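Worksheet for the structure shown next.
The chains referred to below are lettered A, B, ... by the order of the sequence lines, with proteins before strands, and numbering in each begins at 1. Since we're looking at a predicted model, the values are computed, not measured.
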There are 2 protein chains.
Amino acid sequence: MFKAATIKDIAKELGFSASTVSRALLDSHEVSIETRKKVKDYAKKINYYSNPAARSLKNSRSYSIGVMVADVANSFFSQTINGIESVAYEKGYHVIITQSHDLYEREAINIEHLANSSVDGLLISMSAGTTDYSHITKLHERGLPIVFFDRIIDDIKTFKVTTDNFKAAFDATVLLIKKGYERIAFIANAPQLSITSDRVNGYKAALEANSLPFEESLVKYCFAGGRILDEVTDAIDGLLGLPDKPQALFIASDQLSKASIRALSKLSHHNDLAIIGFSNSDVIDLISPHISYIKQNAFSIGEIAMQMLIKLMESKYPIYNFETKLVDAEIYWNDNFDL
Amino acid sequence: MFKAATIKDIAKELGFSASTVSRALLDSHEVSIETRKKVKDYAKKINYYSNPAARSLKNSRSYSIGVMVADVANSFFSQTINGIESVAYEKGYHVIITQSHDLYEREAINIEHLANSSVDGLLISMSAGTTDYSHITKLHERGLPIVFFDRIIDDIKTFKVTTDNFKAAFDATVLLIKKGYERIAFIANAPQLSITSDRVNGYKAALEANSLPFEESLVKYCFAGGRILDEVTDAIDGLLGLPDKPQALFIASDQLSKASIRALSKLSHHNDLAIIGFSNSDVIDLISPHISYIKQNAFSIGEIAMQMLIKLMESKYPIYNFETKLVDAEIYWNDNFDL
DNA sequence: AATTTTTCCGGTAACGTTTGCGTTGATTTT
DNA sequence: AAAATCAACGCAAACGTTACCGGAAAAATT
C-alpha cells in the first residue's frame, strides 16, 4: 500500500528538524530564504502534501464546509453549487453537499452529521418542511459559522444572501399588468419560507401600485412546493373553476413551474392564460406551454454565500454587523405561447 | 468558542482510562459489558462524537470518498449522486463531489486534489475531454480504490457499473424499425467515451439484425457532447440536407437531446422526424417537439457504484476478480409528436 | 570590545484517538 | 494447593502537524 511523504521524510533528507520544515512550508520568516526554497523544492520533487487529518487535528479546523440544499437535481441549486465550489476550491476548502429533500428530519439529521464531522462552516438553504430552527440555533450559539442563502430565516443573525424576491415579483407582476392582464393568480410555495412571503408581498405591492384589488382567493399556497403534483393540480383547478377566472398566472418557484406546466398541459384551453414563473431550468424555453420566466442569478448567489462564509470563518474577531445581500433576478418575457 | 467533548472527558468523569473508554466505544470484548454500557450512556448524554481528524490520523482513513462527474446540473448525474449518497450515508462515509465540466484539465486537477485530501476511494465518471488516463492509473497503482460508473474505461482493471448501453441502443433502434422507420440517423457523443461506442454498436447491430444497411453519413459525432450548440445544429443541418433524408433520429445523450431539440425547434418541418433520445430529465415529457426517450436507472447505478467501492475499500485482502455490472435502461415510446 | 539585538534553527509537547503490551486479581485446571 | 488461564483494565507510544520556548551564532549597536 502506498505511503505518502511526510514532513519527517523531508527533514531527514535535508538534515533539518521537522519544525523547520514545517515553518519553511508555511513561509515563516523565522526560516532563511534559501532553506525555504530548498525545502519547498524537495517537497515538490517527492510530491509532498500535508496530511489533512494531522493538520485538522492540530489546528482544529477541517478546511471543509457543508452545504445544505433541498435537492441537487434542482437547477437553481446545482447552479448555486457551481458558484460555491468555484470560490471554495480556489480558497482551498472542500465542499460536502447534503440534501434535505425539503424534509425537516433529513435536514436536522444531515446538519447534525455535518457539524459532528467538524466542518468549519455551513451554507444553508432552509428546507420547506422546517418550522423549528433549534437544531440550527444550537450550532450557531456554539460559534459555528453559518451563512444562509436563498431560503433565509430571520431568527438567526448572520450573513445572508438571496434573490431580491420582492423586487422580482413586483417587476414581473407589473409587467403582466402592463401587458393588459389584471386578474393575476399566484401559485405560492410553502408559506413559512422567506422566499414565499417576499414574493407574495412583491406581487401585492405591484397590484396596489397599479390600484388593482388583492384577492385572497387568487393566491394558492403549495405546502409541498411542487413535490406533490396533486397539490398543484388542485390549486390550478381551483383557480380555473372560479366564477371570475384569472387571466394570468404567477408561479413562484421552479418546482411549481414544472408541476403547473404538467398540470396545464393536460388541459385544453391553457392558451388563454398568460404565465410567468420562476425557473432556472436550462430547457424552460423548450417546454410547452411556452411561459415567461424569472431567472435567478444562482451562480452569483453561490459565490457570494461562500465569500461570506469565508469571511466569517477566517475572521480573527467575532463579527457583529451582518449583511443581507439581495441579488437581482432577470425576467424573460415571451409573447408567443404556442410553439 | 465551543469545544467538543473528548474521550478524556469521559474517562475523567467515569474514572476509567482513555484506552478503556476508546475500547468501550468500539465495543471491544476486553471491556466488561457494564463498563461498556456506562461509557456509552455517558457519551450519549454529553453528546460525544469521535473527532474525525484524530480518527483519520490514527487509522489513516478519512471515511470520505470523492466523486467525479461532468456536471451536477445534469439530471443523470444528480440522480446518480442521490444513489451514491444514500448508500454512503448509511455506511458512515462522507461524499465530496467535484465536477469536470467535461474538461480534461479540470478532471486531472480535481482528482489530484481529492487524492491529496486523502479520500479513501474514488467514484469516477470520465470526462468527455479525457484521452490520457495517466493521472488515474498513477493513483490506481498506488492502491487507491477506484470504481468507474457511467463513462467507464477499459484500461484500468477494477469494478465498473454502467447502463447496458449496447442493449438500450439496440432495443431503441429495433423499436424505431418496428414502427416503420428504416433510415435512422444517429447523433453521437464524443467518440472516445465508452458510452458512445457501446451505443453506436447497439445501433449498428440492430440495423444488421434487421438487414438494414449501416451508413457512415448518418452518424454524427459531437465532440463537445452538446455543450456547444453549433456543433449539434451543424450535425442536424447536415443530416436534413442529405439527398436521402433520414426518417428518424437517435440521440445518444441527455445533453445532446436538449441541444438537438433546441436546434429542431427552430426548424419548421421537424414533425416529419421520429425522435428517440437518451434523457433523464424530469421535464422531458413536457418539451416539444415531443420525443421518445431512453431513461437510465441513474439512482441504481449510483447505489451499485458506492457498494462496489465500499467492498473495495473495506476488503482486508487485495481483490483481483473484478466485475462490470450492466444496468438496464427503460424506453418510453411516444407516438404523439405534437402536444 | 562589550553588549544588545536579530536571525535561524532545534527540542518538546500537544491535538484526540487507537493499540500493543503489561498488570492485577479472579477463576479454572491438574 | 500450586500452576495456568482469563477477564478487565491502565500505560505509553504512535499517527503527522504545528507552536511555544529556547539557544547559539551572526550582526548591529553602544
Side-chain angles (χ1 to χ4, degrees), chain A residues 1-40 42-43 46-64 92 115-120 314 316, chain B residues 1-40 42-43 46-64 92 115-120 314 316:
Chain A
M1 186 59 181
F2 172 76
K3 203 116 172 5
T6 75
I7 268 189
K8 290 180 186 173
D9 298 332
I10 303 179
K12 200 178 292 171
E13 171 68 25
L14 264 47
F16 290 113
S17 73
S19 12
T20 300
V21 173
S22 169
R23 274 187 288 241
L25 292 170
L26 295 174
D27 246 331
S28 158
H29 288 284
E30 298 197 14
V31 177
S32 72
I33 310 250
E34 307 94 67
T35 306
R36 270 186 259 173
K37 182 163 165 40
K38 258 206 244 173
V39 169
K40 285 187 198 165
Y42 186 68
I46 64 169
N47 230 283
Y48 166 83
Y49 288 93
S50 76
N51 181 310
R55 217 158 44 109
S56 295
L57 182 58
K58 185 64 194 173
N59 299 344
S60 44
R61 298 189 45 192
S62 66
Y63 304 94
S64 68
N116 295 331
S117 337
S118 57
V119 292
D120 296 341
E314 299 189 346
K316 299 229 167 69
Chain B
M1 186 57 181
F2 171 76
K3 202 111 172 9
T6 75
I7 269 191
K8 290 180 186 173
D9 299 332
I10 302 179
K12 200 178 293 172
E13 172 67 24
L14 264 47
F16 291 111
S17 73
S19 14
T20 301
V21 173
S22 169
R23 274 187 283 245
L25 292 170
L26 294 175
D27 247 330
S28 159
H29 288 285
E30 299 198 16
V31 176
S32 72
I33 310 251
E34 308 93 67
T35 306
R36 270 187 257 172
K37 182 162 165 39
K38 258 205 243 174
V39 169
K40 284 187 198 165
Y42 186 69
I46 64 169
N47 230 282
Y48 167 83
Y49 289 92
S50 76
N51 182 311
R55 217 159 42 110
S56 296
L57 181 57
K58 187 64 196 174
N59 299 343
S60 45
R61 298 188 45 192
S62 66
Y63 304 95
S64 68
N116 296 330
S117 334
S118 57
V119 292
D120 295 343
E314 299 189 346
K316 300 229 167 69

#### Entry: Spatial distance of atom CZ (A:Arg36) from atom CD (A:Glu30) [nearest 0.5 Å]
10.0 Å
### Query
How is B:Ser60 classified with respect to the nucleic acid when contacts are heavy atoms under 4.0 Å: base, sugar-phosphate, or nothing?
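Nothing: the residue B:Ser60, judged by heavy atoms under 4.0 Å, touches no strand.
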What integer distance in Å separates [X]:[atom1] from [N]:[atom2]?
| X | N | atom1 | atom2 | result |
| --- | --- | --- | --- | --- |
| B:Leu25 | C:dG16 | CG | C1' | 12 Å |
| B:Leu14 | D:dC9 | CG | C1' | 14 Å |
| B:Arg61 | C:dG16 | CZ | P | 22 Å |
| B:His29 | C:dT19 | NE2 | C1' | 17 Å |
| B:Phe16 | D:dC11 | CZ | P | 13 Å |
| A:Glu34 | C:dT7 | CD | P | 13 Å |
| B:Leu26 | D:dC9 | CG | P | 15 Å |
| A:Lys12 | C:dG10 | NZ | P | 15 Å |

### Query
Who pairs with A:Ala43 by side-chain contact (heavy atoms from CB on, under 4.5 Å), at least two apart in sequence or on another chain?
A:Ile10, A:Leu25, A:Tyr48
Report the residues that fulfil side-chain hydrogen bond (donor to acceptor under 3.5 Å, both in side chains) with [X], sequence neighbours left out, ordered by chain and then residue number.
| X | answer |
| --- | --- |
| B:Ser32 | B:Thr35 |
| A:Tyr42 | none |
| A:Ser56 | none |
| B:Ser19 | B:Ser17 |

Within the pair [X] and [N], is there a side-chain N or O less than 4.0 Å away from OP1 or OP2?
| X | N | value |
| --- | --- | --- |
| A:Ser56 | C:dC15 | no |
| A:Thr20 | C:dC8 | no |
| B:Ser32 | D:dA8 | no |

#### Entry: 4.5 Å side-chain heavy-atom contact, B:Leu14 and B:Val21
no
Test of understanding: with salt bridge (Lys or Arg N to Asp or Glu O under 4.0 Å), list the residues that count as partners of [X], not counting sequence neighbours.
| X | result |
| --- | --- |
| B:Lys40 | B:Asp27 |
| A:Asp9 | none |
| A:Lys37 | A:Asp41 |
| B:Arg23 | none |

### Message
Taking the axis from the first five pairs and the axis from the last five, what angle separates them in the helix from C:dA1-D:dT30 to C:dT30-D:dA1, rounded to 10 degrees?
### Response
40°
### Query
Quick check: does any side chain N or O of A:Asp120 sit under 3.5 Å from a backbone N or O of A:Tyr63, one acting as donor and the other as acceptor?
yes
## Note on the structure
With B for base contact, S for sugar-phosphate-only contact and - for none (protein heavy atoms under 4.0 Å), nucleotides 20-27 of chain D reads B-------
What N/O pairs connect the protein and nucleotides 13-17 of chain D at under 3.5 Å? Give each pair on its own line.
unit_1: D:dA14; atom_1: N3; unit_2: B:Lys58; atom_2: NZ; d: 2.7
unit_1: D:dG16; atom_1: OP1; unit_2: A:Lys3; atom_2: NZ; d: 3.2
unit_1: D:dT17; atom_1: OP1; unit_2: A:Tyr48; atom_2: OH; d: 2.6
unit_1: D:dT17; atom_1: OP1; unit_2: A:Asn51; atom_2: N; d: 3.3
unit_1: D:dT17; atom_1: OP2; unit_2: A:Ile7; atom_2: N; d: 2.7
unit_1: D:dT17; atom_1: O5'; unit_2: A:Tyr48; atom_2: OH; d: 3.4

